[in-house]
Amino acid sequence: MSGKYDSFSKEVLLKIINKQEKELKTKKYGLVWDSEKEPEQVVVDCENNLPILQRINEKAIRTDDGEDNILIEGDNYHALTCLNYTHKGKINVIYIDPPYNTGAKDWKYNNDYVIEEDGYRHSKWLNMMEKRLELAANLLKEDGIICVTIDDYELPNLWLLMNKIFGKENRLGVVTIRNNPKGRMTQKAISQVHEYALYFGKSSKSKIAKLYVSPEAKSHNYVKDDDGEWYLKVNLRKQGVDSEAVKKDGTIRERYFPIYFNPKTKKISTDEKLKIEILPIDSKGHKRIWRRDKKGVEKLFESGNIICHRVGEVYQIFFKFRGGLDGQQPKSIWVDSIFSASEYGTSILEEVLGARETFPYPKSLPAVKHCIEVATNSKDAIILDFFAGSGTTAHAVLELNNEDEGNRKFILCTNNENNICEEVTYPRVRNVIEGYNYVGNDKTVLFERKITYSSITKNINNTLEEIENVISENKEIFDKIDKEFKDNIIKIIGVKKINGIKDGLWGNLQYFKTDLIPVEKIDRIDDKQRRELTEKAGQMIAIKENTFEEIERNDWYQIFENRSKARKTAIYFREDMGKFEELVEDIKNTKTVLYVFMYGRID
């Protein structure tokens, strides 16, 4: 029986063997696959041509004076190759939801669906993912973070691949998300209700963001000061490790001293003897030390951050601790109902597009928002999604900006298979920005708090008072106020009945398509082709410099400016410098980045 290698020469066969041996030596963590059995055509195309992005002006969206978001239609390998020129080291967060490779024809390799019976199914998936993740890694800032959602089919392989590309020392955690509460139908296996989110950093500078927790929801009893600031009342007497006043040699430590207090004037002093003397002795009679020295105690009194009152039969001293409110580290299991893909993914997509079954298994909008919030607390972050699908990431970014007046920007990349970009991704982004036809109830969360045993026993009255104030302030604005208690979270929701247009969230969008320029002909092109090449390359430069508005284009040069008109990008096409002074005159008095093209092949 003849084989695929029968016609190969000895030299070619040796070359293949040497390449395979070299590849096997570089593979780590036991992750080995045949990456060259069937190379991706898009990779070959990008290697043999110049990948560029072509701007589609008629699909641009402008609603305000802010900077632009970007949607790229085309293969994401092609898009990532272009972004490696325009956005290298600029991305704060990458969030992707790649194909899960279930074998149920959920993705294509070289235009063919990958099926369960394909013996190279996992190799193809790894080959596809590795090339894209390597390009994506270049785009992250030094403190950037990537989040990849996946399920059991490829979790082990993805984990090892992420270790290889980003380094296992930069793994920031794996989250289990209950995205399918009803469970996946199965004949003999456990019904799966969850998926995973893998977080990796670009470097040691990458850190998971802390999530805001309201003072009332904290397990400790935070209270409000007269000036509205929150604090925690902490005993000034130290407890636990290293709190003993008596040293091993029998001497007394320096921070064991009396503090004096006048119950009438409320004065506290460490040197003036007042009516009450208080020593750091605990309820068992053990001598402890104070958490502050004498000067520290005096400063607490002068700043109004010390309290003294009777506890039982004795006076005790407390200080106002104003820390601990900068948020808390996210937990590794997310089970709240808002992460359900059917309830908060499919239903929201159907509402925005006004049509059913436009896209299979869209992500939960709150889940994607939460994934982004865990990766960064920057309101100016750039978020990239190169498996954009139905556009949930764009929707999430726009909602986050609407909630906290942020200025985050998104970059989406998706192909147009089955017209997904033109009929799902783009219309969703457009509708969320501009508004859309809607009949039904529009709900706005006015108050949200996780209820714990501590918050019930210590802060329930404050919480109830806040709820009443929220209802009172909003009852004239909304048609109805709903109260909801689910997953230990209490929500007050304002409901507006809409029969017309649901307001958009505002924003701007630039739409691009991927394109290729055959570079092997660059040294033989005529003047017309040369101008066409430089103009197309000019679009790439405009993206890189974030100056999208073309204000001048002629046979000699091209000028772009940003939305605020404070910056310009100029591109001079010709080797003949006859019009260069004219260009300089056009850009004077404005901060400008200038590019001058030189033609010829560079080997």
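Since the model is a prediction, treat every value here as computed from it, not as a measurement.
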task = Using the side chain to side chain contact (heavy atoms under 4.5 Å, CB included) rule, take Phe410 and Leu509 through it: C-alpha gap first, then chi angles, then the decisive distance, then the call.
result = CA-CA 9 Å; Phe410 62 79; Leu509 182 76; 3.8 Å; yes

request  = May I ask you to decide if Glu229's main-chain N or O and Asp227's side chain share a donor-acceptor pair within less than 3.5 Å?
outcome  =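 Such a contact is found between Asp227 side chain and Glu229 backbone.
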
request  = For the pair Thr425 (side chain) and Gly391 (backbone), establish whether a donor and an acceptor sit closer than 3.5 Å, ignoring hydrogens and angles.
outcome  =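 No: the side chain of Thr425 does not pair with the backbone of Gly391.
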
Please list, chain by chain and in numerical order, all residues satisfying side chain to side chain donor-acceptor pair (under 3.5 Å) with [X], sequence neighbours excluded.
X      : value
Asp380 : none
Glu417 : none
Lys496 : none
Arg178 : none

Could you tell me whether the side chains of [X] and [Y] share a donor-acceptor contact shorter than 3.5 Å?
X      : Y      : result
Asp106 : Tyr361 : no
Thr590 : Thr592 : no
Asn76  : Asn415 : no
Tyr100 : Asp152 : no

Could you go through residues 141-150 and list every donor-acceptor pair under 3.5 Å that involves a side-chain atom there, pairing it with any protein atom two or more places apart or in another chain?
residue	atom	partner	partner atom	Å
Thr149	OG1	Ile96	O	3.4
Thr149	OG1	Asp97	OD1	2.6

ask   = Passes side chain to side chain contact (heavy atoms under 4.5 Å, CB included), Arg132 versus Asp75? Steps please.
value = CA-CA 11 Å; Arg132 286 153 180 79; Asp75 189 280; 3.3 Å; yes

Report, one line per pair, each donor and acceptor closer than 3.5 Å where one atom sits in a side chain of residues 473-481; sequence neighbours left out.
residue	atom	partner	partner atom	Å
Asn474	ND2	Val470	O	2.8
Asp479	OD2	Lys497	N	2.7

ask   = Distance from Asn179 atom CG to Ser364 atom OG, nearest 0.5 Å?
value =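 Those atoms lie 8.5 Å apart.
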
ask   = Under the salt bridge (charged side-chain N to carboxylate O under 4.0 Å, His left out) rule, what pairs show up with a residue in residues 426-435, not counting sequence neighbours?
value =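 Qualifying pairs, neighbours excluded: none.
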
key: Geometric class of the Phe200/Phe166 ring pair [parallel <30°, tilted 30-60°, perpendicular >60°]   =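 Correct class here is tilted.
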
ask   = Is there any ring-ring contact (aromatic ring centres under 6.0 Å, His included) pair reaching into residues 421-441, and which pairs are they, with sequence neighbours excluded?
value =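 Output for this query lists Tyr426-Tyr511.
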
task = Could you name each residue pair satisfying ring-ring contact (aromatic ring centres under 6.0 Å, His included) that touches residues 382-408, not counting sequence neighbours?
result =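 Listed by first then second residue: nothing to list.
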
query = Who pairs with Arg563 by salt bridge (Lys or Arg N to Asp or Glu O under 4.0 Å), at least two apart in sequence or on another chain?
reply =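 For Arg563, the residues satisfying salt bridge (Lys or Arg N to Asp or Glu O under 4.0 Å) (neighbours in sequence not counted) are Asp68, Glu549.
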
request  = Output every pair passing side chain to side chain donor-acceptor pair (under 3.5 Å) with a member in residues 538-547, not counting sequence neighbours, ordered by first then second residue.
outcome  =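 Listed once each, the pairs are Glu67-Asn546, Glu545-Tyr595, Thr547-Thr569.
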
query = Among Ile433, Asn508, Asn69, which one satisfies side chain to side chain contact (heavy atoms under 4.5 Å, CB included) with Ile61?
reply =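 Checked Ile433, Asn508, Asn69 against Ile61; only one passes side chain to side chain contact (heavy atoms under 4.5 Å, CB included): Ile433.
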
inquiry  = Please determine whether side chain to side chain contact (heavy atoms under 4.5 Å, CB included) holds for the pair Leu398 and Trp506, giving the CA-CA distance in whole Å, both sets of side-chain angles, and the decisive distance to 0.1 Å.
reply    = CA-CA 8 Å; Leu398 293 167; Trp506 295 70; over 6 Å; no

Without placing hydrogens or testing angles, list every side-chain donor-acceptor pair under 3.5 Å for residues 339-346, not counting sequence neighbours.
residue	atom	partner	partner atom	Å
Ser340	OG	Ser342	OG	3.3
Ser340	OG	Glu343	N	3.4

